[in-house]
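Below: the structure, in structure tokens.
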Amino acid sequence: MPTQNIPVIAIDGPSASGKGTVAQLVAKSLGFHYLDSGALYRLVALKATQTQTDISNIKKLAEIARNLEVIFSDNKIFLENNNVTDAIRTEECGILASNLASYPPVRVALTDRQRAFCQTPGLVTDGRDMGSVIFPNAALKIFLTASAEIRAQRRYKQLIEKGINANIAVLLQDIQKRDERDSNRQVAPLQQNTDAKLLDTTALSITQAQNAVLAWYSEACANIAFELKVKAP
Ligand code: CDP
């Protein structure tokens, strides 16, 4: 289990909601570490493609997940010493990641690797099950979402900026399909848990979303400090 005394901010939410951008900015503001858990599923997908692993071969996919040789450094991601930062961002990789993320052995194989990111002074992480499964004791849990149309527009902009071809209507369809698959799977489904705060960013700028998270975190810290004071002998 994660280390109890290290603060974690867990931001979960659907595809292309902007949770990664917000999580990174919050981590920077607080001087915390950052974990993009979706990147791990995308890395498994990339490695499976490179090794022509069948998507139905769950045992082999779990083995890939367990043995991933990955380094996160300065906003870049290296798989076996190759820079795959952009290669894992394609829609194909995202769709494959979403498919293999429904296999419990793959999720179990990635659990300890994710928890190892919980180090002082703290961690901000984003994904689908950060608050529910990986860091259930997180100091702050957020469900960050936006309308599917706005998310398609955001993903379009992100892909075009990376020089990756995209079609907004196709992206919207992909996002809706991914929402359905991520929400309806048996293990760690995408859902807002009762202890998570809802942050709908449809009409919010990135800075407004970042500030909302920081304000909630200050509030959570004040509550924890108050509880400790009350409990003190
Ligand atoms: O691009 P998008 O934000 O949708 O996805 P991502 O965060 O990069 O994750 C890619 C896929 O991995 C998602 O569609 C999820 O199915 C899966 N995932 C997951 O199951 N659990 C996580 N903690 C993170 C991602």
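Just follow the structure's listing: the first ligand is 1, and inside any ligand the first atom is 1. Just so you know, these numbers use all the heavy atoms, side chains as well, and skip hydrogens, waters and symmetry mates. This chain uses plain numbering: 1 for the first residue, then up along the sequence.
Where the criterion is an N or O separation shorter than 3.5 Å, residue side chain and backbone included, D36 fails it with respect to ligand 1. Checked by distance only, ligand 1 and D129 come closer than 3.5 Å through their nitrogen or oxygen atoms. Where the criterion is an N or O separation shorter than 3.5 Å, residue side chain and backbone included, D182 meets it with respect to ligand 1.
Partner of L190 under the side chain to side chain contact (heavy atoms under 4.5 Å, CB included) criterion, chosen from R128, R181, E180: R128.
By the 4.0 Å N-to-carboxylate-O rule, D129 lies close enough to R107 to be salt-bridged with it. Residues R151 and D179 are paired through a salt bridge, judged by an N-O separation under 4.0 Å between the basic side chain and the carboxylate. Between E63 and K47 there is no salt bridge, since no side-chain N of the basic residue sits under 4.0 Å from a carboxylate O of the acidic one.
Residues S37 and R42 have side chains that never bring a donor and an acceptor to within less than 3.5 angstrom of each other. Defined by atom type and a distance below 3.5 Å, a donor-acceptor pair is missing between the side-chain atoms of T207 and S205. For S29 and Q210, the side-chain atoms include at least one donor-acceptor pair closer than 3.5 Å. Side-chain contact, S15 with D182: no donor N or O sits under 3.5 Å from an acceptor N or O.
When the options A97, C93, S15 are ranked by their closest heavy atom to atom 11 (C) of ligand 1, first place goes to A97. By heavy-atom distance, the residue among R107, Q158, R178, R185 lying nearest atom 2 (P) of ligand 1 is R178. Compare R89, R128, R42 by their heavy atoms: the one nearest to atom 7 (O) of ligand 1 is in R128.
Counting heavy atoms under 4.0 Å from ligand 1, residue A16 touches it through the backbone alone. Under 4.0 angstrom from ligand 1, the non-hydrogen atoms of R155 all belong to its side chain.
Below 4.0 Å from some heavy atom of K19 lie the following atoms of ligand 1, by number and element: 3 (O), 7 (O). Annotation for ligand 1: atoms under 4.0 Å from non-hydrogen atoms of M130 are 23 (N). Listed by number with element, the atoms of ligand 1 under 4.0 angstrom from any heavy atom of A101 are 16 (O), 17 (C), 20 (O).
Of the protein's heavy atoms, G38 CA, 3.5 Å lies nearest to atom 9 (O) of ligand 1. Closest to atom 12 (O) of ligand 1, if we only count protein heavy atoms, is Y41 CB, 3.5 Å.
Under the 6.0 Å cut-off for aromatic ring centres, Y34 and F72 do not qualify, their centroids lying 6.0 Å or more apart.
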